[in-house]
Number of protein chains: 2
Amino acid sequence: MPRAGLSVERLTRAGAELADEVGFDQVTVSALARRFDVKVASLYSHLKSSQDLKTRIALLALEELADRAADALAGRAGKDALAAFADVYRDYAREHPGRYAAARFRLDPETAAASAGVRQALMIRAILRGYDLAEPDQTHAVRLLGSVFHGYVSLELAGGFSHSAPDPGTSWVRIVDALDALLRDWPAPAP
Amino acid sequence: MPRAGLSVERLTRAGAELADEVGFDQVTVSALARRFDVKVASLYSHLKSSQDLKTRIALLALEELADRAADALAGRAGKDALAAFADVYRDYAREHPGRYAAARFRLDPETAAASAGVRQALMIRAILRGYDLAEPDQTHAVRLLGSVFHGYVSLELAGGFSHSAPDPGTSWVRIVDALDALLRDWPAPAP
DNA sequence: GTGGATGCCTAAACCCCTTAGGCAAATGCC
DNA sequence: GGCATTTGCCTAAGGGGTTTAGGCATCCAC
């Protein structure tokens, strides 16, 4: 019987595809084994556990997202950069819902610290350098942007905006406009 | 052998408590049966399925959230109302992380349409009547607020802001300030 | 070619979900 | 209070998913 040629990388990529097809929480070691026409136990020479598999898929998704964002940001600044980043985020989630869900998978702190998630945070901070925000307002703004991007995309994916006008793409554009305006004129603390 | 006195309501409440203790995705029919010291199969005279249980917990959480929000909104308008609603959301998620996660559980469209989720959407629209927004801007704003509230709370719960200054409560206040300012001066579409 | 490392296998234990069918406790009717 | 019926909880059993232990065949290096 010839060997299947498994490897952590192939398994991770296949897991990511599986996630996009059936949803991240349906990604299972068993399903992956079926996909490679191999017995379940065989995967355990490559993966430590189901958790390990999910973590790897999450890291892959975070990488891909950060790569796309870096591409999109090249040569842009200000609102251009903000809109580009925002679109990367939303588009990625729509193209790869399973991977996007994976990117939200809870990692333990040290794994998270070593992930491409920090690159994303740095890029948001870079975008904010196009606006005039001193600390701690910059951090508040980072958190706001992270919340809006994640929140919107996750509500849209969950079907929260479906079948209702105006279409989600339009709201997205207007929300990015609004965020740009807000960042240009960030209010002082309320009295 | 005396009966345990199970009922759909008791099971749902216990499920919600369990969710807060161990996380919503650790809520399982088996765990619930253990909690009542009863055999697993016994729960199936009360619950159709594991999915059914989760749906019921989700509906409970949506009700509780809507009730709290309605209380908080009574007699308030404008920024007061906005801040009160925002705090209800964040506080509920911090007090009841499992229930909050349950409230994000994906319901099928008709169940969602009959849930307290629509009450929440109506309350956000009511808050926005304190600002001067015509359609379709009001809808854009509803979506923005929903995204920020959900996004922020979910990032905070996921530990995204932990161990980093400024503390998440401060950012929350400033973000609500910023949203208020933005709604008072909602920008026209970009050229 | 042969030795060793590696890859995939069988086997088995454990946990969760779900259905079918049975006995006993609660409920209601007289 | 006695009896029938309903209802609730049980045992039994099948189907997945996860994970570990141990075996044999394949692949690679020499």
Side-chain angles (χ1 to χ4, degrees), chain A residues 1-60 98-99 101-102 104-108 111, chain B residues 1-60 98-99 101-102 104-108 111:
Chain A
M1 212 180 293
R3 297 188 174 180
L6 306 181
S7 74
V8 186
E9 290 73 22
R10 282 192 71 192
L11 289 171
T12 305
R13 277 198 302 274
E17 284 163 25
L18 188 58
D20 286 335
E21 289 165 24
V22 303
F24 183 61
D25 35 48
Q26 306 299 321
V27 171
T28 174
V29 181
S30 300
L32 207 50
R34 275 193 295 276
R35 174 162 290 220
F36 282 96
D37 203 32
V38 137
K39 296 297 171 184
V40 183
S42 307
L43 300 198
Y44 281 83
S45 2
H46 304 276
L47 304 169
K48 283 218 305 289
S49 64
S50 177
Q51 161 101 5
D52 180 35
L53 169 64
K54 287 179 181 162
T55 300
R56 288 176 191 281
I57 298 173
L59 293 174
L60 172 69
R99 284 156 146 100
R104 315 290 354 154
F105 185 63
R106 181 148 189 175
L107 304 173
D108 58 286
T111 308
Chain B
M1 212 179 294
R3 297 189 176 179
L6 306 181
S7 73
V8 185
E9 290 72 23
R10 282 191 70 192
L11 289 171
T12 305
R13 277 198 302 274
E17 284 163 25
L18 187 59
D20 286 335
E21 289 165 23
V22 302
F24 183 60
D25 35 48
Q26 307 299 321
V27 171
T28 175
V29 180
S30 301
L32 206 51
R34 276 193 294 275
R35 175 162 290 220
F36 282 96
D37 204 34
V38 136
K39 297 296 173 183
V40 184
S42 306
L43 300 197
Y44 281 83
S45 4
H46 304 277
L47 304 169
K48 282 217 305 290
S49 64
S50 177
Q51 161 99 5
D52 180 37
L53 168 64
K54 288 179 179 164
T55 300
R56 286 176 191 282
I57 298 173
L59 293 174
L60 173 69
R99 285 158 145 98
R104 315 285 2 150
F105 183 63
R106 181 149 189 175
L107 305 173
D108 58 285
T111 309

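Note that this is a predicted model, so its numbers are computed, not measured. In what follows, chains carry the letters A, B, and so on, assigned in the order in which the sequence lines appear, proteins first and then strands, with residues in each chain numbered from 1.
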Engineer: Rounded to the nearest 0.5 Å, how far apart are CG of A:L32 and CD of A:E17?
Structural biologist: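 Interatomic distance, A:L32 CG to A:E17 CD, rounded to 0.5 Å: 10.0 Å.
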
Engineer: Which of these nucleotides, D:dC10, D:dT18, D:dT19, is closest to any side-chain atom of B:V38?
Structural biologist: D:dC10

Engineer: Give a yes/no answer on whether the side chain of A:R34 brings an N or O atom under 4.0 Å of OP1 or OP2 in D:dG17.
Structural biologist: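 Yes, such a contact exists.
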
Engineer: Any side-chain N or O of B:S49 less than 4.0 Å from the OP1 or OP2 oxygen of C:dC17?
Structural biologist: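 For B:S49, the contact criterion (side-chain N or O under 4.0 Å from OP1 or OP2 of C:dC17) is not met.
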
Engineer: List the atom of A:T111, the atom of A:L107, and the distance in Å for their closest heavy-atom pair.
Structural biologist: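 Closest approach of A:T111 to A:L107, heavy atoms only: CB-CB, 4.3 Å.
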
Engineer: Would you classify B:S45 as touching base, sugar-phosphate or nothing, given that sugar-phosphate means primed atoms plus P, OP1 and OP2, and contacts are heavy atoms under 4.0 Å?
Structural biologist: base

Engineer: CD of B:Q51 versus P of C:dC16: gap in Å, rounded?
Structural biologist: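 Roughly 19 Å, once rounded to whole Å.
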
Engineer: Out of D:dT18, C:dT18, D:dT11, which has the shortest distance to the side chain of B:A41?
Structural biologist: D:dT11

Engineer: Can you measure A:R10 atom CZ to C:dG7 atom C1' for me and round it to whole angstrom units?
Structural biologist: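 It is 13 Å, rounded to the nearest whole Å.
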
Engineer: Is B:S42 near enough to D:dG8 that one of its side-chain N or O atoms lies under 4.0 angstrom from OP1 or OP2?
Structural biologist: no

Engineer: Using atom CG of A:L43 as one end and atom C1' of C:dT6 as the other, report the distance to the nearest whole Å.
Structural biologist: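 Interatomic distance, CG of A:L43 to C1' of C:dT6: 15 Å.
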
Engineer: Taking CG from B:L47 and C1' from D:dG8, how many angstroms apart are they, rounded to a whole number?
Structural biologist: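 After rounding, the gap between these two atoms is 13 Å.
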
Engineer: How long is the gap from CG on B:L53 to CD1 on B:I57, to the nearest 0.5 Å?
Structural biologist: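 Those atoms lie 4.0 Å apart.
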
Engineer: Go through D:dT11, D:dC9, C:dC9 for me and flag the one nearest to the B:L6 side chain.
Structural biologist: D:dC9

Engineer: Check this one for me: any side-chain N or O of A:T28 less than 4.0 Å away from OP1 or OP2 of D:dG17?
Structural biologist: no

Engineer: For the atom pair OG1 (A:T28) and CG (A:L43), what is the distance rounded to the nearest 0.5 Å?
Structural biologist: 9.5 Å

Engineer: Which heavy atom of A:L60 sits nearest to which heavy atom of A:A16, and what is that distance?
Structural biologist: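 Heavy atoms of A:L60 and A:A16 come nearest at CD2-CB, 3.6 Å.
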
Engineer: Check whether any side-chain N or O of B:H46 sits under 4.0 Å from OP1 or OP2 of D:dC9, and answer yes or no.
Structural biologist: yes

Engineer: Figure out the CG/P separation between B:D37 and D:dG8, and round it to whole Å.
Structural biologist: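 Rounded to whole Å, this separation is 19 Å.
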
Engineer: Take atom NZ of A:K39 and atom C1' of D:dG23, then tell me their distance rounded to the nearest Å.
Structural biologist: 16 Å

Engineer: Can you measure B:Q26 atom CD to D:dT18 atom P for me and round it to whole angstrom units?
Structural biologist: 14 Å

Engineer: Would you indicate which nucleotide in D:dC10, C:dC16, D:dT20 comes nearest to any side-chain atom of A:Y44?
Structural biologist: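 Looking only at heavy atoms from C-beta outward on A:Y44, the closest nucleotide is D:dT20.
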
Engineer: Checking contacts here: which listed nucleotide (C:dT18, D:dT19, C:dC17) is nearest the side-chain heavy atoms of B:V40?
Structural biologist: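 Nearest to the side-chain atoms of B:V40, counting from C-beta on, is C:dT18.
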
Engineer: Measure the distance from CZ on B:F36 to C1' on D:dG8 and round it to the nearest whole Å.
Structural biologist: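 These atoms are roughly 14 Å apart.
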
